[in-house]
Amino acid sequence: MTTFAAAVKPSVDLPHSAGRNFNFSAGPGVLPEEVLRQAQADTWNIGNSGIGIMEQSHRGKIFDKVLAEAEADCRKIANIPSNYKILFLTGGATTQNEMVPKNLLPDGGTAAFLTTGYWAEKTWEECKSHFPSSYEAWDGRTIKHAYCPADNELKWGTKPSYVHMCSNNTIYGTQFRNADGSWRYPSMPWNDVPLVCDMSSDIYSRPMDVSKFGLVYAGAQKNVGVAGTTLVIIREDLLDAHKKFGRKLFTMEAYATHAKGESRHNTPPSFPIYLSGLVFKWILAQGGLEAMHKRNEAKAKVIYDAIDGSKGFYKGHARPDSRSAMNILFKCPSAELDDKFLAEALKAGMDQLKGHRSTGGVRASVYNAMPRAGCEALASFMGEFARKNG
Ligand SMILES: *Cc1c(COP(=O)(O)O)cnc(C)c1O
């Protein structure tokens, strides 16, 4: 449908129009203006059909095309090999805490976890309660999730059916990364154990090698769309894992059902899928993952420089080598100053900067669609605020 042919060059900043605040929300997050405008038009009448996208039959020609293009563009962005299926499911990333073990873990089986943050804790705790022989190869609680572990810090036990990790810890602001921000893949002592990754808050923010993973999932509402669909990328041989160890799943619990039904065994979340499709086209038009990565690293640096240049006024949470390019956490010298910071930032047009209830402080989420101008506005506000209150 749309191609976003008039692509913004990565060297030129994203638009930020009057009437909109800079939205630093951790999720649902900021969307590209071009995507919102296209969605406005298609909500009324998509593809000259005389019917809006939300009113289209999920088995009609218009939606056929939306779904096929979303899938193809999603595959193209990350060069996803043909032996991986792309699924658009419901229930959020959280429902994957149930689907992954149900599909991949035999009764009494073992999965291993890298617990690097709030969401990874939830994933581990839920699995442990049903599969008690599972274990943590890394427990980041002891270091308050301030960094992601190096390979030599991982404590492996029995060979697991899969290893679970989370690439970017939305709530603590850490990320598995090399110094240049590229993907740092943890190494495992086995080469036939599938790596399962929760990429909810950094998928498609930087180049990735899908072949390193057995299964990747991401709630769309952070970097690739709106709440309502969860992207799952699964290696084909895992679709029938549950059959191999003899578990009988309910229809909707099985990845195989959704793969066979091309994500529409039942009525799919058609608008969220459509919206992700627009975001995929937008990412391609921006120059793909290399361009996203370059821009994201530069954007994050603007804010980290403001923390580092504040003579200790702002304290970051993440250890510098694990600093997330997506979610940036810092605290003012007191909780009162945090509150004042948030109130004054909002007056200056910067919204949703409050840290998660479990960490407090300030959190700036600067996903793909956050313009660099937003990061610069925040950094200059931080400088001024520190001067006045330091
Ligand atoms: C937001 C988030 C989740 C939870 O996603 P839901 O779609 O709300 O279930 C899980 N993992 C990570 C890393 C997240 O950022």
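Counting starts at 1 for both ligands and their atoms, in listed order.
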Check this for me, if you would: do [X] and [Y] make a salt bridge, where the nitrogen-to-carboxylate-oxygen distance has to be below 4.0 angstrom?
{"X": "D202", "Y": "R177", "result": "no"}
{"X": "D237", "Y": "K244", "result": "no"}
{"X": "E33", "Y": "R20", "result": "yes"}

Notebook entry, point to check: Of the options L231, I234, V210, which is the one that meets I86 in a side chain to side chain contact (heavy atoms under 4.5 Å, CB included)?
Noted result: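 Among L231, I234, V210, the one that satisfies the side chain to side chain contact (heavy atoms under 4.5 Å, CB included) with I86 is L231.
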Notebook entry, point to check: Does C166 reach ligand 1, in the sense of a heavy atom lying below 4.0 Å from it?
Noted result: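 The answer is yes: ligand 1 sits under 4.0 Å from a heavy atom of C166.
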Polar-atom distance check: [X] versus ligand 1, any N or O pair below 3.5 Å?
{"X": "Q221", "result": "yes"}
{"X": "N168", "result": "no"}
{"X": "A93", "result": "yes"}

Checklist line | Where ligand 1 meets G92 - atom numbers and elements under 4.0 angstrom, heavy-atom basis | finding: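 The atoms of ligand 1 under 4.0 Å from a heavy atom of G92 are 7 (O), 9 (O).
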Note to self: Could you tell me, atom by atom, which parts of ligand 1 come under 4.0 Å of a heavy atom of T170?
What the structure shows: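 In order of number, 12 (C), 13 (C), 14 (C), 15 (O).
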Check: Within a reach of under 6.0 Å around CD of E125, are more than 12 heavy atoms found that belong to other residues, nucleotides or ligands?
Finding: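 Counting other residues, nucleotides and ligands, CD of E125 exceeds 12 neighbours.
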How far is [atom] from its nearest protein heavy atom, and which residue and atom is that?
{"atom": "atom 9 (O) of ligand 1", "answer": "T94 OG1, 2.6 Å"}
{"atom": "atom 11 (N) of ligand 1", "answer": "D198 OD2, 2.6 Å"}
{"atom": "atom 2 (C) of ligand 1", "answer": "K222 NZ, 2.4 Å"}

Notebook entry, point to check: Which pair of heavy atoms, one from K85 and one from L239, lies closest together, and at what distance?
Noted result: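 Closest approach of K85 to L239, heavy atoms only: CG-CD1, 4.0 Å.
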Check: F385 ring centre to K388 NZ or CZ under 6.0 Å, with the angle to the axis within 45°?
Finding: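 Cation-pi check for K388 and F385: fails.
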